[in-house]
Chemist: 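Sharing a structure below in C-alpha coordinates format, with a few things to ask.
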Amino acid sequence: KQEVTQIPAALSVPEGENLVLNCSFTDSAIYNLQWFRQDPGKGLTSLLLIQSSQREQTSGRLNASLDKSSGRSTLYIAASQPGDSATYLCAVSGGSNYKLTFGKGTLLTVNP
Amino acid sequence: DAGITQSPRYKITETGRQVTLMCHQTWSHSYMFWYRQDLGHGLRLIYYSAAADITDKGEVPDGYVVSRSKTENFPLTLESATRSQTSVYFCASSVTGGTEAFFGQGTRLTVV
(Lines give C-alpha, C1' and ligand atoms only; values in the text may rest on other atoms or scores of the structure.)
Protein backbone atom coordinates (compact mmCIF):
# COMPACT_ATOMS: atom_id res chain seq x y z
CA LYS A 1 0.00 0.00 0.00
CA GLN A 2 1.36 3.39 -1.02
CA GLU A 3 2.21 5.72 1.85
CA VAL A 4 3.18 9.36 1.46
CA THR A 5 5.00 11.30 4.16
CA GLN A 6 5.61 15.02 4.28
CA ILE A 7 8.25 16.66 6.42
CA PRO A 8 8.07 19.02 8.21
CA ALA A 9 4.43 19.06 9.32
CA ALA A 10 4.69 22.80 9.93
CA LEU A 11 7.19 25.45 8.99
CA SER A 12 7.43 29.13 9.90
CA VAL A 13 9.87 31.39 8.07
CA PRO A 14 10.49 35.12 7.66
CA GLU A 15 9.57 36.74 4.38
CA GLY A 16 12.21 36.47 1.69
CA GLU A 17 13.65 33.13 2.73
CA ASN A 18 14.12 30.28 0.30
CA LEU A 19 12.63 27.05 1.62
CA VAL A 20 12.28 23.37 0.84
CA LEU A 21 9.35 21.09 1.55
CA ASN A 22 9.93 17.35 1.49
CA CYS A 23 7.77 14.47 0.35
CA SER A 24 8.57 10.76 0.38
CA PHE A 25 6.60 7.78 -0.91
CA THR A 26 7.01 4.06 -0.40
CA ASP A 27 6.08 2.59 -3.81
CA SER A 28 8.04 3.87 -6.80
CA ALA A 29 5.47 2.53 -9.30
CA ILE A 30 3.80 5.90 -9.87
CA TYR A 31 2.44 7.71 -12.91
CA ASN A 32 3.10 11.17 -11.59
CA LEU A 33 3.51 13.34 -8.52
CA GLN A 34 1.56 16.52 -7.90
CA TRP A 35 2.07 19.35 -5.48
CA PHE A 36 -1.03 21.19 -4.33
CA ARG A 37 -1.72 24.25 -2.27
CA GLN A 38 -4.70 24.45 0.09
CA ASP A 39 -5.80 27.66 1.78
CA PRO A 40 -7.99 27.39 4.90
CA GLY A 41 -11.54 26.38 4.02
CA LYS A 42 -10.71 26.20 0.33
CA GLY A 43 -10.14 23.57 -2.30
CA LEU A 44 -6.86 22.24 -3.64
CA THR A 45 -4.97 24.23 -6.24
CA SER A 46 -2.57 22.31 -8.44
CA LEU A 47 0.90 23.86 -8.38
CA LEU A 48 3.12 21.46 -10.27
CA LEU A 49 2.82 18.06 -11.90
CA ILE A 50 5.88 15.89 -12.49
CA GLN A 51 5.44 12.85 -14.71
CA SER A 52 7.25 9.71 -13.58
CA SER A 53 9.76 10.07 -16.44
CA GLN A 54 10.65 13.64 -15.47
CA ARG A 55 13.13 14.91 -12.91
CA GLU A 56 11.79 18.38 -12.22
CA GLN A 57 9.26 21.05 -13.08
CA THR A 58 9.35 24.80 -12.57
CA SER A 59 6.65 27.42 -12.33
CA GLY A 60 7.64 30.93 -11.34
CA ARG A 61 9.23 30.83 -7.90
CA LEU A 62 8.39 27.15 -7.48
CA ASN A 63 10.59 24.23 -8.44
CA ALA A 64 9.70 20.62 -7.79
CA SER A 65 12.05 17.68 -8.19
CA LEU A 66 11.37 13.97 -8.35
CA ASP A 67 13.68 11.06 -7.61
CA LYS A 68 11.43 8.10 -8.28
CA SER A 69 14.00 5.44 -7.46
CA SER A 70 14.50 6.78 -3.94
CA GLY A 71 10.85 7.73 -3.49
CA ARG A 72 11.46 11.41 -2.85
CA SER A 73 10.30 14.79 -4.05
CA THR A 74 11.08 18.30 -2.94
CA LEU A 75 9.24 21.56 -3.49
CA TYR A 76 11.53 24.57 -3.49
CA ILE A 77 9.99 27.99 -2.94
CA ALA A 78 12.23 30.94 -3.69
CA ALA A 79 11.96 34.34 -2.03
CA SER A 80 8.94 33.39 0.06
CA GLN A 81 6.10 35.90 0.55
CA PRO A 82 3.30 36.13 3.14
CA GLY A 83 0.88 35.17 0.37
CA ASP A 84 2.62 31.80 0.16
CA SER A 85 1.21 30.90 3.58
CA ALA A 86 -0.94 27.80 3.13
CA THR A 87 -0.88 24.04 3.49
CA TYR A 88 1.13 22.29 0.80
CA LEU A 89 0.12 18.77 -0.14
CA CYS A 90 2.08 16.20 -2.07
CA ALA A 91 0.23 13.40 -3.88
CA VAL A 92 1.32 10.47 -6.05
CA SER A 93 -0.82 8.81 -8.70
CA GLY A 94 -0.65 5.07 -9.08
CA GLY A 95 -2.53 1.79 -9.30
CA SER A 96 -5.19 0.60 -11.71
CA ASN A 97 -7.54 3.40 -10.65
CA TYR A 98 -4.91 6.16 -10.98
CA LYS A 99 -5.89 7.33 -7.53
CA LEU A 100 -3.95 10.05 -5.79
CA THR A 101 -2.43 9.10 -2.45
CA PHE A 102 -1.85 12.20 -0.37
CA GLY A 103 0.54 13.14 2.34
CA LYS A 104 -0.84 14.96 5.36
CA GLY A 105 0.67 18.24 4.25
CA THR A 106 3.08 20.91 5.43
CA LEU A 107 1.53 24.02 6.99
CA LEU A 108 3.68 26.95 5.85
CA THR A 109 3.58 30.34 7.52
CA VAL A 110 5.58 33.18 6.00
CA ASN A 111 5.93 36.07 8.43
CA PRO A 112 6.17 39.68 7.15
CA ASP B 1 -18.23 29.10 -15.48
CA ALA B 2 -15.52 26.82 -16.77
CA GLY B 3 -13.92 24.34 -14.43
CA ILE B 4 -15.15 21.99 -11.77
CA THR B 5 -17.89 23.04 -9.40
CA GLN B 6 -19.42 21.40 -6.38
CA SER B 7 -22.75 22.04 -4.74
CA PRO B 8 -23.79 22.74 -2.12
CA ARG B 9 -20.75 24.30 -0.49
CA TYR B 10 -22.14 23.65 2.98
CA LYS B 11 -24.75 21.15 4.14
CA ILE B 12 -26.13 20.14 7.50
CA THR B 13 -28.23 17.00 7.59
CA GLU B 14 -29.65 14.65 10.17
CA THR B 15 -28.56 11.09 10.84
CA GLY B 16 -30.40 8.65 8.62
CA ARG B 17 -31.28 11.10 5.86
CA GLN B 18 -30.22 10.68 2.27
CA VAL B 19 -28.10 13.47 0.87
CA THR B 20 -26.57 14.02 -2.56
CA LEU B 21 -23.49 16.06 -3.28
CA MET B 22 -23.15 17.35 -6.82
CA CYS B 23 -20.06 17.67 -8.98
CA HIS B 24 -19.98 19.21 -12.45
CA GLN B 25 -17.02 19.74 -14.78
CA THR B 26 -16.95 21.61 -18.07
CA TRP B 27 -13.75 20.14 -19.55
CA SER B 28 -15.13 16.78 -20.69
CA HIS B 29 -12.48 15.04 -18.62
CA SER B 30 -12.79 11.25 -18.67
CA TYR B 31 -11.80 10.60 -15.07
CA MET B 32 -13.63 11.89 -12.03
CA PHE B 33 -12.98 11.22 -8.37
CA TRP B 34 -14.56 11.76 -4.96
CA TYR B 35 -12.31 12.25 -1.93
CA ARG B 36 -13.05 13.03 1.67
CA GLN B 37 -10.74 15.04 3.88
CA ASP B 38 -10.59 14.43 7.61
CA LEU B 39 -8.20 15.58 10.31
CA GLY B 40 -5.71 12.85 11.02
CA HIS B 41 -6.55 10.92 7.85
CA GLY B 42 -5.85 13.42 5.11
CA LEU B 43 -7.58 12.90 1.78
CA ARG B 44 -8.96 9.46 0.96
CA LEU B 45 -10.56 8.19 -2.24
CA ILE B 46 -14.23 7.21 -1.98
CA TYR B 47 -15.17 6.40 -5.59
CA TYR B 48 -13.86 7.09 -9.03
CA SER B 49 -15.12 6.95 -12.60
CA ALA B 50 -13.11 6.32 -15.75
CA ALA B 51 -15.92 7.40 -18.10
CA ALA B 52 -19.69 7.73 -18.25
CA ASP B 53 -21.35 4.62 -16.86
CA ILE B 54 -18.04 3.28 -15.49
CA THR B 55 -17.53 3.65 -11.75
CA ASP B 56 -15.55 1.76 -9.14
CA LYS B 57 -14.82 1.78 -5.44
CA GLY B 58 -11.92 3.54 -3.83
CA GLU B 59 -10.47 3.23 -0.36
CA VAL B 60 -13.53 4.13 1.75
CA PRO B 61 -16.72 3.42 -0.27
CA ASP B 62 -19.03 2.07 2.44
CA GLY B 63 -22.20 4.10 2.85
CA TYR B 64 -21.80 5.95 -0.44
CA VAL B 65 -23.29 5.51 -3.90
CA VAL B 66 -22.25 7.17 -7.15
CA SER B 67 -23.54 7.37 -10.68
CA ARG B 68 -22.26 8.90 -13.88
CA SER B 69 -24.85 8.99 -16.63
CA LYS B 70 -23.19 12.01 -18.27
CA THR B 71 -19.48 12.73 -18.65
CA GLU B 72 -19.74 16.09 -16.92
CA ASN B 73 -21.62 15.07 -13.78
CA PHE B 74 -20.58 12.78 -10.94
CA PRO B 75 -22.98 12.95 -7.98
CA LEU B 76 -22.18 11.32 -4.65
CA THR B 77 -25.07 10.06 -2.53
CA LEU B 78 -25.01 9.18 1.13
CA GLU B 79 -27.86 6.70 1.39
CA SER B 80 -28.37 7.01 5.15
CA ALA B 81 -26.06 9.61 6.62
CA THR B 82 -24.09 8.83 9.77
CA ARG B 83 -22.08 11.14 12.03
CA SER B 84 -18.87 9.47 10.85
CA GLN B 85 -19.59 10.87 7.39
CA THR B 86 -19.16 14.41 8.67
CA SER B 87 -16.29 15.60 6.52
CA VAL B 88 -15.18 17.84 3.70
CA TYR B 89 -15.82 16.22 0.34
CA PHE B 90 -13.80 17.05 -2.76
CA CYS B 91 -14.54 16.17 -6.33
CA ALA B 92 -11.71 16.04 -8.85
CA SER B 93 -11.28 15.37 -12.55
CA SER B 94 -8.47 14.61 -14.97
CA VAL B 95 -8.23 14.29 -18.74
CA THR B 96 -7.39 10.63 -18.38
CA GLY B 97 -5.75 8.40 -15.83
CA GLY B 98 -2.34 9.54 -14.64
CA THR B 99 -2.71 13.15 -15.78
CA GLU B 100 -3.05 16.35 -13.79
CA ALA B 101 -5.99 16.35 -11.40
CA PHE B 102 -8.12 19.42 -10.77
CA PHE B 103 -10.21 19.81 -7.66
CA GLY B 104 -13.46 21.51 -6.83
CA GLN B 105 -13.88 23.88 -3.89
CA GLY B 106 -15.30 21.20 -1.66
CA THR B 107 -18.52 20.55 0.22
CA ARG B 108 -18.46 20.74 3.99
CA LEU B 109 -21.01 18.21 5.25
CA THR B 110 -22.11 18.01 8.86
CA VAL B 111 -24.29 15.13 10.02
CA VAL B 112 -26.06 15.80 13.31
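Convention: sequence-line order gives letters A, B, ...; per-chain numbering from 1.
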Chemist: To the nearest 0.5 Å, what is the distance between CG on A:Leu44 and CZ on B:Phe102?
Modeler: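 Reported to 0.5 Å precision, the distance equals 12.5 Å.
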Chemist: Report which part of A:Leu89 has an atom under 4.5 Å of a heavy atom belonging to chain B: side chain, backbone, both, or neither.
Modeler: side chain
Chemist: Return the OG to OH distance between B:Ser30 and A:Tyr98, rounded to the nearest 0.5 Å.
Modeler: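 Going from the OG atom of B:Ser30 to the OH atom of A:Tyr98 covers 11.0 Å.
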Chemist: Please say yes or no: joined through hydrophobic side-chain contacts below 4.5 Å, possibly via intermediate residues, are A:Tyr88 and A:Val92 part of one cluster?
Modeler: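 They do share one cluster, since a chain of ILVMFWY contacts under 4.5 Å joins A:Tyr88 to A:Val92.
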Chemist: With a 4.5 Å cut-off on side-chain heavy-atom distances among I, L, V, M, F, W and Y, is there a chain of contacts connecting B:Met32 to B:Tyr47?
Modeler: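 Shared cluster, yes.
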Chemist: Check whether B:Gln6 gets within reach of chain A through its side chain, its backbone, both or neither, counting any heavy atom under 4.5 Å.
Modeler: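 Neither part; nothing is under 4.5 Å.
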Chemist: Mind checking what makes side chain to side chain donor-acceptor pair (under 3.5 Å) contact with B:Trp34, not counting sequence neighbours?
Modeler: none
Chemist: Go through the atoms of B:Leu43 and report whether side chain, backbone, both or neither lie under 4.5 Å from a heavy atom of chain A.
Modeler: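 For B:Leu43, the contact with chain A is made by backbone and side chain together.
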Chemist: Does one hydrophobic cluster hold both A:Trp35 and A:Tyr76, with members joined at side-chain heavy-atom distances below 4.5 Å?
Modeler: no
Chemist: Starting at CD1 of B:Ile46, measure out to NZ of A:Lys99 and round the result to the nearest 0.5 Å.
Modeler: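 Output value for this atom pair is 12.0 Å.
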Chemist: Which atoms form the tightest heavy-atom contact between B:Phe90 and A:Gln38, and what is the distance?
Modeler: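 Shortest heavy-atom contact: CZ-NE2, 3.5 Å.
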Chemist: Is there a chain of hydrophobic side chains (I, L, V, M, F, W, Y, each step under 4.5 Å between heavy atoms) that links B:Ile4 to A:Leu49?
Modeler: no
Chemist: B:Leu45, B:Asp56, B:Leu39, B:Thr96: which one forms the most heavy-atom pairs within less than 4.5 Å of chain A?
Modeler: B:Leu45
Chemist: At their closest point, which heavy atom of B:Glu100 faces which heavy atom of A:Ser46, and how far apart are they?
Modeler: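 Looking at all heavy atoms of both residues, the closest pair is OE2-OG, 2.6 Å.
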Chemist: Just by distance, do the side chain of B:Tyr35 and the backbone of A:Leu100 share a donor-acceptor pair under 3.5 Å?
Modeler: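 Between the backbone of A:Leu100 and the side chain of B:Tyr35 there is a qualifying donor-acceptor contact (under 3.5 Å).
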Chemist: Might you confirm whether atom CZ of B:Arg44 has over 12 heavy atoms from other residues, nucleotides or ligands at distances under 6.0 Å?
Modeler: yes
Chemist: Measure B:Arg9 against the heavy atoms of chain A and call it side chain, backbone, both or neither at under 4.5 Å.
Modeler: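 Looking at B:Arg9, just its side chain touches chain A.
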Chemist: Verify the cluster assignment for B:Leu76 and B:Tyr31: are they in a single hydrophobic cluster under the rule of side-chain heavy atoms below 4.5 Å apart?
Modeler: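 No.
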Chemist: Between B:Gly42, B:Gly98, B:Gly106, who has the most heavy-atom pairs with chain A when the cutoff is under 4.5 Å?
Modeler: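 Result: the option with the highest number of such pairs is B:Gly98.
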Chemist: With salt bridge (Lys or Arg N to Asp or Glu O under 4.0 Å) as the rule and sequence neighbours excluded, what pairs involving residues 13-33 of chain A come up?
Modeler: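 Of all non-adjacent pairs touching residues 13-33 of chain A, none passes salt bridge (Lys or Arg N to Asp or Glu O under 4.0 Å).
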